[in-house]
K.L.:
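Sharing a structure here in structure tokens format.
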Amino acid sequence: MTQDQTYTLIAAGTGFATTFFLRRFLAEAGSDVRILVLERGPNMSGQQLIDALPDEPLSSEPLIETQSGFGKNWRFSVGFGGGSNCWWACTPRMLPNDFRLKSLYGRGEDWPISYDDLEPYYSEAEAVMAIAGPDATPWPMSRPYPQGPHRLSEPDRILQAHFGDAYIPQPTARSRDGTENRSACCANGVCSNCPVNAKFTIETEMGEVYADPRVTLLTGAEVLQVVTEGGLATGVRYREQGREVEARGDLVALGANAIFNPAILLASGFEDPALGRYLTEQCGVEAHILLDGVKNFSGSTVITANGFMFYDGPHRAERAGCMVESFNRGKLRLDYGRWAETISMRLIYEDEPQADNRVVLGADGRPVAIYEARSPYAEAGIATAQATFEELLAPLPVESFQLLDPTKNEAHVLGTARMGNDPATSVVDADLMHHRVRNLLVLGGSSFVTCAPANPTLTLSALSLRAAARLFGDSD
């Protein structure tokens, strides 16, 4: 490729954010568009990814520097397919109230879009992923899930009988029935690189995006900067095989994660007040539980249920809400004949984004992820974990349970280029377009305004679909 070649669109990354955006963009665009997609990492098959374990990220190069007051670290995967290569395929939606925390509870900021604005794109993303999920959910749905729910374990059934529709089979992209390209989940719990090809990945279900003749994919191509001129993005500079190249484009979309998106913009000279700030993710507190006469491990997937009893409500004015995860795997009991009378459960707490938790550029040009502490809001929620587990487990015959230390990461990197209506406090608008550079999109988890307890992947995929639709004039 020569430096003077021009594209309709240049996109960075091949994970959920970019690929779902491209899917809708290609469906709407004409036959004459030319798209260049730049992926920093390699293109590895599913078997190669399994063989590469346990190395994460999928590179021997130290990609970022971390600074933390309590050992905080960040997990991500670099390579074709991005986070789809290592995710566990948990796909709950955010709740309607998650989009208006400021209005309802005086916490954080409201999103510039509502749940209703995003709902059609949730449904579209769920159809692409062939989500398995229940009929009754804590959120309104315009369409049912493509596949029925996974089977609950015996402890889950007891909890569902007690808590009702607030305790549901987990919506998940780990297939229950299989698809044309995937098998059914075998519940072996090895989800980061599924050995039976049951979970959704970019490789298995969205390969047609990159097979489209309008798309040129380059792997091993690291985006260094967005090039701007006269208030518009004119292309990008990237490094491939040790040489730097400039490609020109009419539209640029950054679809890297919430550490690399702001790093690219900072390296490009962008100076938005909120750029790089509000770096955050959820925090989990797990309990190992010994049961009396009730056996676990009878569910049909690894995380069988989500509980929303402690998620939303007036308590969110003072402390973080949490979502329950119930695990269908774990260490067996050592008591003879009672090996299955145990279960692990986790409370996933939201965090309140803090401006001082941020991404900056180091002296060597690498991103530096600075995260000194969780918010007091999150810590207040985590402090209730013991009492919350006692209430959660009350319907079960429990001998004892033990809490583990709060997690250092949940592999969900959020914030740093948040969406909003005010350029003084946000980086992109409601359509993920940069406030000042009106042909530059910043996709993915970096656009998140708040950090809800729900896993973010489905939401960021829906946001990408919506951003592409809005480019072509679709209205909510």
Side-chain angles (χ1 to χ4, degrees), residues 16-17 68 70 72-76 83 87 90-113 115 118 257-259 261-262 274 276-285 306 308 310-313 315-325 346-359 369-382 385 406-420 425-428 442-463:
F16 291 97
S68 171
F70 66 103
K72 173 73 174 169
N73 54 20
W74 305 93
R75 294 183 62 197
F76 51 85
W87 77 319
C90 308
T91 55
R93 297 185 181 191
M94 286 170 55
L95 299 186
N97 286 353
D98 288 330
F99 295 87
R100 45 183 186 162
L101 285 183
K102 179 74 170 181
S103 297
L104 289 176
Y105 306 123
R107 308 302 309 202
E109 298 291 337
D110 288 347
W111 290 54
I113 61 172
Y115 176 88
L118 199 56
N257 70 20
I259 294 175
N261 272 350
R277 296 191 176 273
Y278 304 103
L279 176 67
T280 188
E281 70 175 350
Q282 301 93 339
C283 177
V285 179
N306 285 143
F308 295 86
F310 316 108
Y311 189 121
D312 191 39
H315 65 274
R316 293 178 88 181
E318 303 296 333
R319 56 181 171 83
C322 68
M323 182 183 70
V324 178
E325 289 184 336
R346 182 179 288 189
L347 306 177
I348 307 296
Y349 287 93
E350 63 188 327
D351 199 355
E352 186 171 45
Q354 308 290 295
D356 287 343
N357 292 332
R358 64 198 187 276
V359 173
I370 301 171
Y371 193 96
E372 290 302 325
R374 290 184 288 262
S375 68
Y377 180 73
E379 294 292 356
I382 293 167
T407 55
K408 298 296 186 184
N409 67 66
E410 286 293 318
H412 303 149
V413 194
L414 304 175
T416 68
R418 53 168 37 185
M419 63 163 65
T425 58
S426 60
V427 177
V428 297
V442 187
L443 311 171
S446 57
S447 69
F448 276 45
V449 182
T450 55
C451 178
N455 309 68
T457 303
L458 181 73
T459 296
L460 71 86
S461 300
L463 286 169

K.L.:
Are Arg418 and Tyr278 in a cation-pi contact, defined as NZ or CZ under 6.0 Å from the six-membered ring centre and within 45° of the axis?
P.N.:
yes

K.L.:
For Ala274 and Val427, which heavy atoms make the closest approach, and how far apart are they?
P.N.:
C-CG2, 3.9 Å

K.L.:
Quick one: which of Glu410, Glu281, Glu372 gives a salt bridge (charged side-chain N to carboxylate O under 4.0 Å, His left out) with Lys72?
P.N.:
Glu281

K.L.:
Just wondering, do Arg100 and Tyr115 contact through their side chains at under 4.5 Å, heavy atoms?
P.N.:
no

K.L.:
Taking Thr407 for the side chain and Gly284 for the main chain, is one N or O donor matched with an acceptor at less than 3.5 Å?
P.N.:
yes

K.L.:
So does Ala454 get a backbone contact from the side chain of Gln282, meaning a donor-acceptor N/O pair under 3.5 Å?
P.N.:
yes

K.L.:
Using every non-hydrogen atom in the two residues, find where Val413 and Arg75 come nearest and quote the distance to one decimal.
P.N.:
CG2-O, 4.2 Å

K.L.:
Quick one: does any side-chain atom of His412 pair with a main-chain N or O of Gly445 as donor and acceptor, under 3.5 Å?
P.N.:
no

K.L.:
Could you go through the side-chain contact (heavy atoms from CB on, under 4.5 Å) check for Glu352 and Leu101 one step at a time?
P.N.:
CA-CA 10 Å; Glu352 186 171 45; Leu101 285 183; over 6 Å; no

K.L.:
Just by modelled atom types, is the Lys102 backbone N or O under 3.5 Å from a matching donor or acceptor in the Asp110 side chain?
P.N.:
yes

K.L.:
Do you see a donor-acceptor pair shorter than 3.5 Å between the side chains of Tyr311 and Asn97?
P.N.:
no

K.L.:
Before you tell me yes or no, could you show the steps for Tyr349 and Arg319 under side-chain contact (heavy atoms from CB on, under 4.5 Å), namely the whole-Å CA-CA distance, both residues' side-chain angles and the distance that decides it to 0.1 Å?
P.N.:
CA-CA 10 Å; Tyr349 287 93; Arg319 56 181 171 83; over 6 Å; no

K.L.:
Apply side-chain contact (heavy atoms from CB on, under 4.5 Å) to Val324 and Arg346, showing your working.
P.N.:
CA-CA 6 Å; Val324 178; Arg346 182 179 288 189; over 6 Å; no

K.L.:
Please test Leu118 against Thr459 for side-chain contact (heavy atoms from CB on, under 4.5 Å), starting from the C-alpha separation and ending with a verdict.
P.N.:
CA-CA 8 Å; Leu118 199 56; Thr459 296; 4.0 Å; yes

K.L.:
Trp111: which residues meet the ring pair (Phe, Tyr, Trp, His ring centres under 6.0 Å) condition with it, sequence neighbours left out?
P.N.:
Phe99, Phe448

K.L.:
Are any side-chain N or O atoms of Arg277 and backbone N or O atoms of Ala355, one a donor and one an acceptor, separated by less than 3.5 Å?
P.N.:
yes

K.L.:
Taking all atoms of both residues into account, what is the closest heavy-atom pair of Asp351 and Ala378, and its distance?
P.N.:
OD1-CB, 3.2 Å

K.L.:
Distance from Gln354 atom CD to Leu279 atom CG, nearest 0.5 Å?
P.N.:
11.5 Å

K.L.:
Just so I know, are the side chains of Asn357 and Ser375 near enough to count as touching, which here means a heavy-atom distance under 4.5 Å?
P.N.:
no

K.L.:
Using side-chain heavy atoms (C-beta onward) and a distance below 4.5 Å, is Pro406 in contact with Arg374?
P.N.:
yes

K.L.:
Indicate the atoms forming the closest heavy-atom contact of Cys451 with Thr280, along with that distance.
P.N.:
CB-CG2, 3.8 Å

K.L.:
Are the side chain of Thr416 and the backbone N or O of Ala258 linked by a donor-acceptor pair below 3.5 Å?
P.N.:
yes

K.L.:
Could you tell me the separation between the CZ atom of Arg358 and the CD1 atom of Ile370, rounded to the nearest 0.5 Å?
P.N.:
4.0 Å

K.L.:
Which atom pair, heavy atoms only, marks the closest approach of Ala373 to Phe70?
P.N.:
CA-CE2, 3.7 Å

K.L.:
For the atom pair OH (Tyr371) and CH2 (Trp74), what is the distance rounded to the nearest 0.5 Å?
P.N.:
6.0 Å

K.L.:
Ignoring hydrogens and angles, tell me if any N or O in the side chain of Ser447 forms a donor-acceptor pair with the backbone of Leu443 under 3.5 Å.
P.N.:
no

K.L.:
Do Arg316 and Asp98 come close enough that some side-chain heavy atom pair is under 4.5 Å?
P.N.:
yes

K.L.:
For Glu318, look at atom CD and say whether over 12 heavy atoms of other residues, nucleotides or ligands are found less than 6.0 Å away.
P.N.:
no

K.L.:
Who are the ring pair (Phe, Tyr, Trp, His ring centres under 6.0 Å) partners of Tyr377, not counting sequence neighbours?
P.N.:
none

K.L.:
Using atom types as modelled and distance alone, determine if a side-chain donor or acceptor of Glu350 lies under 3.5 Å from a backbone N or O of Gly321.
P.N.:
yes

K.L.:
Using atom types as modelled and distance alone, determine if a side-chain donor or acceptor of Asn257 lies under 3.5 Å from a backbone N or O of Ile259.
P.N.:
yes

K.L.:
Restricting to non-hydrogen atoms, name the atom on Val285 and the atom on Ala385 that form the minimum distance, rounded to 0.1 Å.
P.N.:
CG1-CB, 3.9 Å

K.L.:
Do the side chains of Thr91 and Asn455 get nearer than 4.5 Å, heavy atoms only?
P.N.:
no

